[in-house]
Amino acid sequence: MRVLALAGDGIGREIMPEALRIFAIVQGRCGVRAELVEGAIGTGPLMDEGNPFPAATETEARNADAVLFGAAGDPSLDHLGPKRPDSAIGALRKLLNLYGLVREYRIADAQLAMSPLRPVRARSTDFAIVREISGDVYAAQPKGQRIAEDGPFPGEVEGFDTMRYTESEVRRIAHLGFRTARARSGRLVSADKSNVLATSRLWQRVVAEVAAEYPDVALTHQLADNTAMQLVTDPASYDTILTANLFGDILSDVASALTGSIGLVASVVFNETGQVYYEPGHGSALDIAGQDKANPIAMIRCVALMLRHSFDRPDLASTVEQAIDEVLAAGLRTAEIHVDGTTLVSCSAMGKAIADRLEALLPPD
Ligand code: NAI
Ligand code: MG
């Protein structure tokens with residue numbers, strides 16, 4: 001297995017070493033064999049060689065079985081347009097043909113006080129969102145601005161986008177949704193807007209067809225606005241949510257907020273060739289970068305996800321997750337989740353504490 005680690009910008013450079021510290025422990029002790037390569041992406045290579053996604057990184061990404069990505073982006077360089085540092089994210093996703101993003105949201109009892117929801121609503125929350133990320137209104141053409149020919153104000157400039165999915169695109173993400181639900185508790189909610197959108201009516205039909213291949217998974221169709229409401233009022237009722245790019249973008253940010261911090265949530269992204277890509281749910285957080293303040297947990301969860309999906313070691317993935325839970329239960333908190341009665345720790349101290357717990361939890365070699 002070849003693992004490519006791309007720390008990137010801002011807090012990516014602080015959280016990646018903590019994730020690699022965890023990976024080194026399982027590599028050293030548990031028979032996980034992997035070649036680890038580190039590559040450059042974002043502002044660093046942009047400054048050094050004028051390209052945020054250099055050819056060497058592109059080659060490494062092509063050859064990697066798994067990519068661990070930190071973050072890329074610097075809003076002060078947004079004026080560079082197609083050469084801005086975070087353009088590398090899109091270029092990398094395109095190169096790898098990534099289409100399906102799965103993000104897991106769990107509120108462990110130790111996390112209850114961090115959730116903006118009252119404990120009675122937040123307790124037992126544990127669900128996944130499977131989001132299509134290659135198509136939909138974000139990607140489909142035509143889009144742009146033009147002079148309106150009809151509508152309430154003809155002659156004015158209007159903006160327009162195209163919502164579009166083909167049957168194959170829906171079928172591909174539906175299979176990922178059903179496989180994800182099958183590996184969890186077997187309940188899948190497909191969120192769409194079939195009451196108003198033709199694209200969603202196609203989506204609903206194809207998802208229902210794919211369901212025939214997964215008789216062990218219980219499928220429900222739900223309108224996405226209702227899903228947004230129920231995520232806040234009864235998140236514990238969900239197991240797996242399947243949705244398109246636009247609705248998934250919004251629902252997944254609502255879901256991240258429920259857990260208490262964007263610094264706790266990690267994603268796994270799939271293509272059709274078996275390469276898998278892992279990233280935290282947040283960006284480069286330049287407001288706190290370089291201060292050893294970032295929460296490394298999302299990045300460390302990426303290692304757990306990688307052990308589960310790329311190394312087929314769910315046992316080790318669960319042990320890493322348990323180490324995180326135990327450190328949170330012991331009251332350690334990075335700045336963004338620190339409250340009275342808990343212990344404020346730095347990024348590196350949090351990483352070290354999780355590593356120490358992991359060492360203690362792993363069986364002796
Ligand atoms: P952001 O996720 O970087 O930060 C949003 C807020 O959350 C900030 O207040 C930040 O301090 C906090 N935060 C984020 N991660 C944290 C962590 N691990 N621990 C503690 N606090 C954390 O989003 P923002 O500020 O909108 O974007 C900053 C840059 O990152 C932009 O250039 C954006 O384009 C890029 N970006 C990159 C992503 C990626 O690499 N996948 C995703 C989102 C944004
Ligand atoms: Mg978003």
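Ligands are counted one by one from 1 in listed order, and the atoms in each one are counted from 1 as well.
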Protein contact of atom 7 (O) of ligand 1 - nearest heavy atom, named by residue and atom, plus distance: Ile262 CG2, 3.9 Å

Validation row: Glu104, Leu305 side chains within 4.5 angstrom (heavy atoms): yes

Test of proximity, Lys293 against ligand 1: N or O pairs below 3.5 Å: no

Side chain to side chain contact (heavy atoms under 4.5 Å, CB included) between Asp249 and Tyr138, worked out: CA-CA 10 Å; Asp249 188 358; Tyr138 292 169; 2.7 Å; yes

Donor-acceptor contact below 3.5 Å, side chain Ser261 vs main chain Gly263: yes

Minimum heavy-atom distance between Arg106 and Arg301, given as atom pair plus value: NH2-NH1, 4.5 Å

Heavy-atom closest contact (Gly73 atom, Leu286 atom, distance): O-CD1, 3.7 Å

Per-atom contact, atom 25 (O) of ligand 1, protein heavy atoms, under 4.0 angstrom: no

Aromatic ring pairing His309/Phe270, orientation class (parallel under 30°, perpendicular over 60°, tilted between): perpendicular

Closest approach of any protein heavy atom to atom 18 (N) of ligand 1, naming residue and atom: Asn295 O, 3.0 Å

Thr243 side chain vs Ala191 backbone, donor-acceptor pair below 3.5 Å: yes

Charged N-O contact under 4.0 Å between Glu158 and Arg146: yes

For Gly73, the ligand 1 atoms whose distance to one of its heavy atoms is below 4.0 Å: 32 (O)

N/O separation below 3.5 Å, Ala285 to ligand 1: yes

Contact atoms of ligand 1, heavy-atom distance to Ala71 under 4.0 Å: 40 (O)

Close approach of Ile11 to ligand 1, heavy atoms, under 4.0 angstrom: yes

Ligand 1 contact on Leu286 by region, counting heavy-atom pairs under 4.0 Å: neither

Numbered atoms of ligand 1 (with element) below 4.0 Å of Phe69, judged on heavy atoms: 40 (O)

Min N/O separation Arg84 to ligand 1 under 3.5 Å: no

For Glu279, the ligand 1 atoms whose distance to one of its heavy atoms is below 4.0 Å: 41 (N)

Sub-4.0 Å protein heavy atom next to atom 5 (C) of ligand 1: no

Atoms of ligand 1 close to Ile89 [distance to a heavy atom under 4.0 angstrom, numbered from 1]: 37 (C), 38 (C), 39 (C), 40 (O), 41 (N)

Side chain Gln111, main chain Gly260, donor-acceptor under 3.5 Å: no

Donor + acceptor pair across side chains of Ser200, Asp192 (<3.5 Å): no

Ligand 1 atoms in contact with Ala72 (distance to a heavy atom under 4.0 Å): 30 (O), 35 (C), 36 (N), 37 (C), 40 (O)

Audit row: Leu6, Tyr277, side chain to side chain contact (heavy atoms under 4.5 Å, CB included) steps and yes/no: CA-CA 11 Å; Leu6 299 170; Tyr277 169 97; over 6 Å; no

Protein heavy atom under 4.0 Å of atom 2 (O) of ligand 1: yes

Structural part of Glu336 in contact with ligand 1, heavy atom criterion under 4.0 angstrom: side chain

Check: Asp136 side chain, Leu246 main-chain N or O, donor-acceptor pair, under 3.5 Å: yes

Per-atom contacts of ligand 1 with Gly263, taking only distances under 4.0 Å to non-hydrogen atoms: 17 (C), 18 (N)

Same apolar cluster: Ile133 and Val170, side chain cutoff 4.5 Å: no

Atoms in ligand 1 with a heavy atom of Ala294 nearer than 4.0 Å: 19 (N)

Protein contact to atom 29 (C) of ligand 1 [nearest heavy atom, distance to 0.1 Å]: Ser284 OG, 3.1 Å

Nearest non-hydrogen protein atom, atom 21 (N) of ligand 1: Ile288 CD1, 3.6 Å

Carboxylate-amine/guanidinium contact Lys293 Glu14, below 4.0 Å: no

Protein contact for atom 42 (C) of ligand 1 (heavy atom, distance under 4.0 Å): yes

Distance from atom 10 (C) of ligand 1 to nearest protein heavy atom, with residue and atom: Asp287 OD1, 3.4 Å

Salt bridge flag under 4.0 Å for residues Glu359 and Arg29: yes

Ligand 1 N/O within reach of Gly283 N/O, cut-off under 3.5 Å: yes

Protein contact of atom 34 (O) of ligand 1 - nearest heavy atom, named by residue and atom, plus distance: Asp86 OD2, 2.8 Å

Ligand 1 contact by Ala298, heavy-atom criterion under 4.0 angstrom: no

